[in-house]
Each structure stands twice: as structure tokens, then as C-alpha cells.
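Below: one structure, written as C-alpha cells.
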Amino acid sequence: MSDLTNVLPTEHPILPQLTQRRSPRAYTSQPVPTAVIQQLFTAAGSAASCFGEQPWRYLVGSKETHPEAFAKLLGALGEYNQVWVKNAPVLAASLAKTTFSHDGNPNRYAVHDVGQATATLAVQAVELGLQIHQMAGFSQDAVRASFSIPAEYEIVAVFTIGYPGALDQLPDALRAREVAPRGRKPLAEYVFEGGWPQLTTERYDQAPV
Ligand SMILES: Cc1cc2nc3c(=O)[nH]c(=O)nc-3n(C[C@H](O)[C@H](O)[C@H](O)COP(=O)(O)O)c2cc1C
């Protein structure tokens, strides 16, 4: 069932799965079945990647099947994230293999490719009635240490996976953020057709020396 909470208004029509994707902080306690988790990560793995390297790796901790892994990921989060993440049924971490397998050289697209794999997963999640919430608010060192992650892998993000739930489980401030109007920059601010925008308000040739 689609999550129609706080759908994103857009300048031009786009896929409903994109406007319905959001980063909720309230989840039901309903576990995410293993087969569904596998569908989500299959979607992630369908993404394009530089040299076809597929540098993405995911650590998954479902409360139901791997509570220790869930607890370790939860413990690595900042306190402000733990407040709401503790109610989610699944936590995952995305990691990037930072070198190419074919020649051992650094892969400067690794984090880019992991990002787009997780973005693809997020869209598949919407289609399955789920949502994810990505976080940068975690300790790299804590995740690395508690899962013995080799140095070659960068920990990119931690994210919840779950079925969106009732907002009354959240503290007031967080509840307000769930229903605050959503919006995005207008296209004119980030799409430059035909060339890089020229400064119209500043004239360097007239600047005082
Ligand atoms: C890489 C990344 C890091 C983020 N870190 C956090 C975080 O630590 N805590 C949090 O509550 N939200 C975090 N967010 C969620 C963003 O605040 C959210 O995606 C943004 O406000 C847009 O909202 P939407 O995803 O609902 O469209 C993060 C999102 C991304 C992509």
C-alpha cells in the first residue's frame, strides 16, 4: 500500500514512487520479511556503476532475525537519530569498496555509485509500501570496529527500512518535521541549459581594486 503522507509537490510531473518517497522517522513494528529485504537489495544491485564495479556493500540488521547487528548499528548512531531509529524494524549500512577490482586503482566513483544504488533501493521500497531514511549522523569508527570492516571499504551511510507508522510515537519536535511542507529548489537553480550561468549582479571589471 502506498504511503501518501506528505507527498512531494513538484514543478513537473514525475513517477509517483518518487514523490511518495520520503524519509520518515515513525515506523510500525511490522517486521520486513526476508524475501522483501532481498527484493530491496536486488533493486540496489541493479544500479549502474563505473566499470561495472558494483562497489556497493550492505550490512543489514533486522530486529527480528539479527537483533545483535541491529543493536550495533543503532549504537553507532548519534543520540538524536537513536531517539526515533530504535522503533524501526531494520537498520542497514551502505559501504563502498574504494578500489577497482580490475587494477587496484582508487575508484573515485565508488561513493557516487553506492549513492545511486541506495537511491534505487529507496524507490523500490516505496513500490513495496516501505520507506527508508538515510543518515550521516553515525560514527564511522564505531561501525568499522563493531563489524571489523577492512580499511578498503568506506562506510557511506546508515539507513532505516520499515513500514511508515503513526506519528504519535515521536517527540513533538520530530512529529512537526514529519508534516512540515516539503519542497525542492526550482529547476532554474540547478539546471543550466546551454552553459554555466553568468553572474548578472557582480561586475568584476568594475570592482574596486
Ligand atoms: C546522506 C544523507 C544523510 C542524512 N543524514 C540524516 C541524519 O543523520 N538524520 C536525519 O534525521 N536525517 C538525515 N537525512 C535525511 C535528510 O534530512 C532528508 O533526506 C532530507 O531532509 C529530504 O527529505 P526527504 O528525504 O523526506 O525528501 C540524510 C539524508 C541523506 C541522503
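Each ligand, and each atom within it, is numbered from 1 in the order the structure gives. Starting from 1, each residue takes its place in the sequence as its number.
A centroid separation of 6.0 Å or more is found between the aromatic rings of Y27 and Y163.
Considering backbone and side-chain N/O atoms, A157 never comes within less than 3.5 Å of an N/O atom of ligand 1. Residue N81 has at least one N or O atom closer than 3.5 Å to an N or O atom of ligand 1.
Only side-chain heavy atoms of W84 come within less than 4.0 Å of ligand 1; its backbone N, CA, C and O stay farther off.
Here the side chain of E154 pairs no donor or acceptor atom with the backbone of E152 at under 3.5 angstrom. Side-chain N or O atoms of K63 include none that pairs as donor or acceptor with a backbone N or O of P31 at under 3.5 Å.
Inside a 4.0 Å radius of atom 20 (C) of ligand 1 there is not any protein heavy atom. There is a protein heavy atom less than 4.0 angstrom from atom 10 (C) of ligand 1. Under the 4.0 Å distance rule, the nearest protein heavy atom to atom 5 (N) of ligand 1 falls inside the cut-off.
No hydrogens or angles considered: a donor-acceptor pair under 3.5 Å links the side chains of Q131 and D3.
Residue, atom and distance of the protein heavy atom nearest to atom 25 (O) of ligand 1 are S23 OG, 2.4 Å. Protein heavy atom closest to atom 12 (N) of ligand 1, with residue, atom name and distance, is H133 NE2, 2.7 Å. When hydrogens are left out, the protein atom nearest atom 14 (N) of ligand 1 is Q134 O, 3.0 Å; that is the closest non-hydrogen contact. Summary of contacts: the protein heavy atom closest to atom 27 (O) of ligand 1 is R182 NH2, 2.6 Å.
Within ligand 1, counting atoms from 1 as listed, the ones closer than 4.0 Å to a heavy atom of G137 are 8 (O). Listed by atom number, the atoms of ligand 1 under 4.0 Å from R22 heavy atoms are 26 (O).
Within the 4.0 Å heavy-atom shell around ligand 1 one does not find F138. At least one heavy atom of R184 sits closer than 4.0 Å to an atom of ligand 1.
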